[in-house]
Amino acid sequence: MSQAETVLVAGRRPQTTSGFLALFRNELHLTFRRMRTKVLLAILAALPILIGVIVKLNTDSPRGGGGGAPSFIAQTTQNGLFLVFTALAVALPVFLPMTVGVVAGDSVAGEAATGTLRYLLVAPAGRTRLLAAKFTAGLVFCLAATAAVAVTALATGATLFPLGEVTLISGDTIGFTDALLRAVLVAGVVAVSLAGLVAIGLFVSTLTGSGIAAMAATVGLVITVQILDAFPQLDAVRPFLFTHYWMSFSDLLREPMYWDGVWKDLGLQAAYVAVFGSAAWARFSSRDISA
Amino acid sequence: MTNETAVEDQLDGGVPYRSRRRTLVRAGVPVAVGAVIAAGVGLVPALAADSPPDLPQLSAEQVVTKVLGSDTQALSGTVSVSTDLGVPSQLLGAAAGGLGAAAGHGSDQGGASADPQSKLLGLLGGDQTLRVAVDGPDRQRVDLMENMAGYTLVRNGDQSWAWDSSTNTALHMTGRPAGHTGAKAPKAPLTGVPATPQEAARQFLTGSAGTTSVTVAGTANVAGQKAYQLSVKPTQSGSTVSEVRISVAADNGVPLAVVVKSTDGSTVLDVHFTDVSFAEPTAKTFDFTAPKGAKVTEKKADEAAAGHDAQDKKGDQGGKGDRGKGHDGVNVIGEGWTAVVSTQLPTGVEAPAQGSQGNGKQGKQHGRPMNPQALVKSLGKPVGGGTLISTKVVNVLLTDDGRVFAGAVTLPVLQHAAGVN
């Protein structure tokens, strides 16, 4: 940014809702029209189909299966709706954060790399608003990614397994409509628990001019943090890692629902959004854009 | 360009562009946000935990009477259990197998997975959250909230259920077990392991009179309730337990927390309500039927009663942090805090069968014959007269001639009991 620019816009401009919405719509278009985003969503959508088919083929030995959710698989064979929870539990540690890391990490750095960031900043939008729009687009991608997993999981589950009353992990049985509501709730919680990662990705993205570097750093961070979370020796630190409470969504599948872990998760995500969001803002709004 | 830039330019006193200074100021924002959050996270619990409530002075007897005379029949809440016994994990597995055999239902391999014994043994290692609901002596429910799985114990009159979500199996017991008459105090279903603070506190208070000093050590807030802190200390020397602290609700005498400290100053057991309500739980809570598609193992009461005898014995000893064997030929030497349990170690022939019954994870012991003496020797360290397995509270001495002495006592007491000193 140059001195001339500063002088030019020294006056206060009216910030209209429609102006913000236009910028936001623009960002959404940019994110979702990309071939890369579509491929990522397609991979996420393929995952539940894969899990469903594997579970169907191995119905005789429901105790099998390692990874994130061995315990849900027993229920999946009883009710197709449980495939939603199984798929989310499998996708949440690796696949979902990976795609979110790609989208969030690329959001600013990618534009800088292709040289389009300057042009964006020439438009009278303001850097803070641009950042807010990018963050919101990232959140919408979280929702879309979670929905992609959940909806295909529901479709696959309905095709391969019986539907009907659902047995919760506390042993209680609830009706299908109730269970469907819980599935929507769980998907929402999963999507929101990725918000902290979006903020981190956005911050990393403002640090570098290379989209690939930002994506790799964000995804690498997710993996590192999850490895750290596996060490019992780090007990003092673990509750503050943004991945620590991710799996707490399973507490919503008890009767009555147990919100403790979920609230902690949401609070932690809010803290990460506040810290890394403001860090991204501090960096982006005072940075020289040279490309 | 943003408004912020414009405003800041004015603050800078007309100097339009100061990149370095502005960068520093902006970098301060996330640091400040982080500091505020960290302070909030650190300070809020500290402020909330302090300021013990004002309660009228009571003597220790009055508080104990409050506990024993408590007529609270119904409660529900969330219990946090945190144990740090320093028990080798292999030993827990072997103990689970031994208990399975002692309780007399080792024959059914498939149904054993919903078995309460092996599951509750898991409480001895690490942190757990339980949801507890009690309504009188006949209806109890305990929900063990595992990571992405659940384990539920429900007792409603003569119907008892144990349900394990991870294996989709259930254990159904009908009939009233012999050891569980209605006159008895509210007890956790199916087991003598203290699953609620009440249970644990009651065992301490009734079991150890005479060898114990009980004092009131101030007040505290537990789960939003005003509570007296009862400090229970052994008067005998040689015990590895230094203090048991029980928080008793001032209103109704329900024990809300039990903390056990060992002589080296570390906390070995911390059971406390994080949230409690004394309203009657809804009847629906205790209605349990086998979930659709679950593998159900049926058991009759007389069959279960044999198991309960072993469990009750175990529960009595469990109060002192000991996991009794339930085998025949168990002797108790001494009394109170320094009681030592002695038994003869089974020979190698029957051991593999025991090891395989505990849980699925022990399956690798199936094939190879296991000599328990060799196993103990590999875990312990050689001392005068035998091998010692040392945990934070319980010490186990295996003498060279195959006898086992265990207790929440120091090594010299064990050696004295074994007569090898």
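The shown structure was predicted, so the numbers you read here are calculated from the model rather than taken from an experiment.
For A:Phe240, the part lying near chain B is the side chain, with the backbone staying farther off; criterion is any non-hydrogen pair under 4.5 Å. With a threshold of 4.5 angstrom between heavy atoms, B:Val31 does not approach chain A through any atom at all. Contact annotation for B:Thr78: only side-chain heavy atoms (C-beta onward) come within less than 4.5 Å of a heavy atom of chain A. Neither the backbone nor the side chain of B:Thr274 comes within contact range of chain A, judged by heavy atoms closer than 4.5 Å. Only the side chain of A:Phe249 comes within contact range of chain B, with at least one heavy atom under 4.5 Å from a heavy atom of that chain.
Taking each heavy atom of B:Ala27 and A:Ala282 in turn, the nearest pair found is N-CB, 4.0 Å. Counting all heavy atoms, side chain and backbone alike, A:Leu168 lies closest to B:Trp163 at O-CZ2, 4.0 Å. Scanning both residues, A:Met257 and B:Arg131, for their nearest heavy atoms gives O-NH1, 3.7 Å.
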Check against side-chain contact (heavy atoms from CB on, under 4.5 Å), A:Tyr258 and B:Asp143 = CA-CA 11 Å; A:Tyr258 183 65; B:Asp143 277 296; over 6 Å; no

Evaluate the criterion side-chain contact (heavy atoms from CB on, under 4.5 Å) for residue pair A:Val275 and B:Ile37; output intermediate values, then yes/no.
-> CA-CA 9 Å; A:Val275 171; B:Ile37 290 171; 3.9 Å; yes

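Rounding to the nearest 0.5 Å gives a distance of 10.5 Å between OG of A:Ser250 and CD of B:Glu146. The distance from the CD1 atom of A:Ile169 to the OH atom of B:Tyr151 is 15.0 Å, given to the nearest 0.5 Å.
The environment of A:Trp259 atom CH2 is dense: over 12 non-hydrogen atoms of other residues, nucleotides or ligands sit within 6.0 angstrom.
Under the salt bridge (Lys or Arg N to Asp or Glu O under 4.0 Å) criterion, the residue pairs touching residues 231-253 of chain A are A:Asp229-A:Arg238, A:Asp235-A:Arg238, A:Asp251-A:Arg254, with sequence neighbours excluded.
Between chain B and the residues A:Asp260, A:Thr167, A:Thr173, the largest count of heavy-atom pairs under 4.5 Å involves A:Thr167.
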